[in-house]
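This report refers to the structure that appears directly beneath it.
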Amino acid sequence: MEYNFGEIEKKWQGKWNDANAYKVSNKSDKPKYYVLDMFPYPSGAGLHVGHPLGYIASDIFSRYKRLKGFNVLHPMGYDAFGLPAEQYAIEHGVHPAVSTEQNIGNFRKQLDKIGFCYDWDREVRTCETNYYKWTQWIFLQLFNSYFNPATKKATPITELVKAFEIDGSISIDGLRATIKSFTAAEWKAYSEKEQQDILMEFRLAFCGHGEVNWCEALGTVLANDEVVNGVSERGGHPVEKKRLRQWYLRITDYADRLLNDLNKLEWSDAMKEMQTNWIGKSSGAEISFKIQVSSYNDTPSNVELTTHNSPLTVYTTRPDTIFGVDFMVVSPEHELVTGITSAAQQKEVEDYINYVKSRSERERQAEKKITGAFTGAFAINPFDGREIPIWISEYVLAGYGTGAIMAVPCGDERDFKFANHFNIPITNIIGDAFNGTEPNATKDAKLTNSGFLNGVVLRDAIDIVIDKLEEMGIGKRKINYRMRDAAFSRQRYWGEPFPIVWKNGIAYPLSENELPLELPKVDSYSPGPEGEGPLANIDSWVEKNLETNTMPGYAGSSWYFLRYMDNHNDAEFAGREATDYWNQVDLYIGGTEHAVGHLLYSRLWTKVLHDLGHLSFDEPFKKLLNQGMITGKSYFITYVHVYSNGDKARMIEKRIFNANKYFDSQGRIVRSALERYAKTEEHFPLMDNVIWGGKTESGEQYAELIDIVEKMSKSKGNVFNPDDIVNEFGADTFRMYEMFLGPIEQSKPWDTKGIEGVHRFLKKLWRLFYDDSKGKVWNEEVPTPAELKILHRTIKKIEDDTERFSFNTAVSGFMVCVNDLADAKCHKRAILEQVLILLTPYAPHIAEELWHSLGNEGFIIDAPFPQFEGKYIVESTKEYPISINGKVRANLNLPLDMEQAEVETIVTANETVQKWLEGKAPKKIIFVKGRMINVVI
RNA sequence: GCCUUGGUGGUGGAACUGGUAGACACGCAGGACUUAAAAUCCUGUCUUCAGCAACGGAGGUGCGGGUUCGAUUCCCGCCUGAGGCACCA
């Protein structure tokens, strides 16, 4: 009887399904445990081998926890709204709901083959009305709330209205800069529009204006993803920034809580650091400088400097360096730029602004070339009256701080390079700490050339300067965050409609009983007028004055983990009883690519729902495990043809092309396909003579295969389908192989080279129970101490490794165990049965089959996890490595309880040690009990 | 450019808290079984020097330094791969 994985896996998947083996109840005497996967976007390419990596890990952990006696919630669903489905619709005319449904069906089939223990009764799909009804409901909670700075909590906006009616704007501490102060009487006298405009400045979901990538030729707004090198990916049309009305989430109000509460989480330091850096809290000062602009008097030669009516406000973390400011840099978009540019500089400034317009934020930051333009205006240093030239440059971004900086070239790298490039003289305010060739950002030097601050240590000068500025009324302390409010609207079709009606420029929320606001069918997915979304093309929609934007992809994914807890609830997003019971996600597994997007938004939504009294917890994911990405290998062929052309010297022709389609699913080259292609399309004019794999001496022509590791995606043609592996080797082999590839957190290129080894392991396990010719070989004999040692060592290994998510070493632990048992010719039920339970999380099908072969009733997942007993593995002696000066020279078997003095005597007497000592006495003998011995000579 | 993270044999990786570098696999080489193949099993496999051999010497964890009795592990500098950078999900 041989290991027929195909039959076994199909059989048990059927039985588990029929018996609802993985159905989870919200009521149990057992302790709860919630294991969550980042749900997939059901793309048309289907599941690739990267998806299951995390799913297998979470499945292993879920089964492990269940064996350990927990009530385990382990659900799955689909993040089903999004751009790709819409693009597919535009290109093929298939409604996104249809293609999404198909893709989900396909995903489900692929997932089922791998034998996951999901409770499918809890499935959610973000694009279904019974789900997005609640996404819209949560949006209304956000819209109808504001962040109360006194309590630091989301509070119903009605409370704010009450406060305005009693005290006017003074009821708000730290009134937003965009609002003028008003009295209670003034508030009541305001028109509804005026009142609502003020409230909009407070709502957690609010409407404002923001820039998008606008492509005139396509008449649409593009995602950053769709813009490549400043032109549209489709068609290569120019793209520029356009200002549109947009919805936002006021995540910046939560910046401090999001930052501080990271302490509560069991996330990797790397992940916490990424979020910390993203939030980017800094403290410093805002400083206003007077501006002097030049204006012509009659003739261009008669230039006069006059004071501009508004000052230039900069944000700096280093007010201590104010005497070292040699120039100002404002972002090219800054509102002051047009007003302060001198006539002489006008052309240069305009040209520069046009150049910057076409560039993305990333390009602007990554640019090594130093660019900029002088405005012709000057700022005045408030302390010494120096005239400081004001420049514009792309490295200063409008969205951060005030969009303007004071540049201190002796202390800042970029400022220094800028000054050098444009020959701006540098003031040294840090004495010897500045050597003239490279800037020094120290805070520990003493100030020089700094007026009243001379001799003060920079670090101490920070507060002195801010105090002085505040006294003079031209500056103030300021905490700044790099994080910006989250753009929450898209000019797209395939997303949740906003439950908002516009009347006279006022946004009115729909009431709860009007939800869900269903996404209407459209005839065309093309964008509406003026960059509006496709919904703007629907007359019935526009007539009702409904919002034509839709929500972004992350709307649905910001709370899906809550819906799993109670997904059939029609009355609430999730019942309080259910959310109280399941509480936080105990273990969340997913990729680092979501570090600052999804993970931050989910935290925000959870906090808001908590503040408003809908949840008892304010952090969604207690422990986070980041799986590495399985990258795909892309193959490229470089072809070089060197030839002579008449009298001329050698000509070199070089071509590089993507060759993914000439490789099969296991990454093997399909030579015939390649050759056919080479000949028909003339990629290699002299194919017959091509030398593979490198250069030749004479270099007539050669072709070389290179592989590039990159993210798997359909467009790159490097996607591998798990079905192929499952069909060939079985789900258990696939599961264990993906784990065996390496540490779960590490990213690695997909490769099937080692899969045979894992498959062989399972066959070897099988043979402990059944011999190909003899049939059943397992027996009821009593295990020997040696066999029990193998078992208990394995129990410890698997338990330890699983607890610390070291799944690859656990697999190798199983291999060692089976190798040892085979060597010991152990076919004893008492041992094997326990090994099967250990193996269940990793290879559930074969474990289940053999479990029943041993005559057990019921599913193995309900068996008790083996109890480790230390007494079976105790050792009395240890083979100590003896190092001489740190290099191992001998081994010595010594009792484990032997102490230093005795060890030293024995070691010194050792023959090998004697040889190295050459008659001398050792300087020192280092003895680490149970570890090693090092003799220092 | 900025943030995060990785680099160990021909390959994937192991070494968990500074204590025997290369577990477990793949591949390769040789052998057994077989009419043959598949399957299975056995032996060897970091490099290099010396050697008939048991065994021995030297080097070795991206590169260059440092701390330490001892460094893949800690510190400094550099090279390089991957992910993210706000509208892909």
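The figures here come from the full heavy-atom set of this structure, side chains too, leaving out hydrogens, waters and symmetry mates. Below, read A as the first sequence line, B as the second, and so on, with proteins coming before strands; counting in each chain starts at 1.
- Both distances falling under 3.5 Å, in either a Watson-Crick or a G-U wobble arrangement, place G1(B) opposite C85(B).
- V888(A) comes within 4.0 angstrom of the backbone, heavy atoms only, and of no base.
- A donor atom on one side chain and an acceptor atom on the other are found under 3.5 Å apart for T371(A) and E394(A).
- Distance D412(A) CG to G1(B) C1': 13 Å, rounded to the nearest Å.
- Across all strands shown, C74(B) forms a Watson-Crick or G-U wobble pair with G66(B), both key distances being under 3.5 Å.
- Closest to the M274(A) side chain, of the nucleotides G83(B), A23(B), C87(B), is G83(B).
- Across all strands shown, A58(B) is found opposite U47(B) as a Watson-Crick or G-U wobble partner, with both distances under 3.5 Å.
- G56(B) takes the anti form, because its glycosidic angle lies more than 90° either side of 0.
- With a cut-off of 3.5 Å on both Watson-Crick or G-U wobble distances, the partner of G6(B) is given as U80(B).
- Pair assignment for A15(B): none, as no Watson-Crick or G-U wobble contacts are both less than 3.5 Å.
- Side-chain proximity of N277(A) to the nucleotides G57(B), A86(B), U4(B) is greatest for U4(B).
- Distances shorter than 4.0 Å separate some side-chain N or O of R490(A) from OP1 or OP2 on C87(B).
- Between E756(A) and P84(A), the residue anchored closer to the 5' end of RNA chain B is E756(A), taking for each the nucleotide with the nearest heavy atom.
- As judged by a 4.0 angstrom heavy-atom cut-off over every strand, Q491(A) is placed among the base-contacting residues.
- Atom P of G27(B) sits at a distance of 33 Å from the matching atom of G19(B), rounded to the whole Å.
- Comparing U20(B) with C69(B), their C1' atoms sit 16 Å apart, to the nearest whole Å.
- Side-chain N/O atoms of N808(A) include one lying less than 4.0 angstrom from OP1 or OP2 on A14(B).
- The gap from the C1' atom of G10(B) to that of C63(B) amounts to 22 Å, rounded to the nearest Å.
- Residue contacts shown for Q627(A) are absent, as no nucleic acid heavy atom lies under 4.0 Å away.
- Rounded to a whole angstrom, the distance from the P atom of G6(B) to that of C75(B) is 12 Å.
- Checking C88(B), G83(B), G19(B) against every side-chain atom of T592(A), the shortest atom distance belongs to G83(B).
- A distance of about 32 Å separates the C1' atoms of U73(B) and C55(B), rounded to the whole Å.
- Closest to the side chain of A487(A), from the set C24(B), C87(B), A58(B), is C87(B).
- Close to A86(B), at under 4.0 Å from its OP1 or OP2, lies no side-chain N or O of R482(A).
- A cation-pi contact links R250(A) to F206(A), judged by a cut-off of 6.0 Å to the six-membered ring centre and 45° from its axis.
- Taking atom P in both G22(B) and G9(B), the straight-line distance is 14 Å, to the nearest Å.
- Listed nucleotides G83(B), A14(B), U4(B) differ in distance to M629(A); the shortest reach to its side chain belongs to G83(B).
- Figure legend. U40(B) is base-paired to A32(B); pairs are counted as Watson-Crick or G-U wobble with both atom distances under 3.5 Å.
- Comparing C26(B), G70(B), A14(B) by their closest approach to the side chain of N934(A) singles out G70(B).
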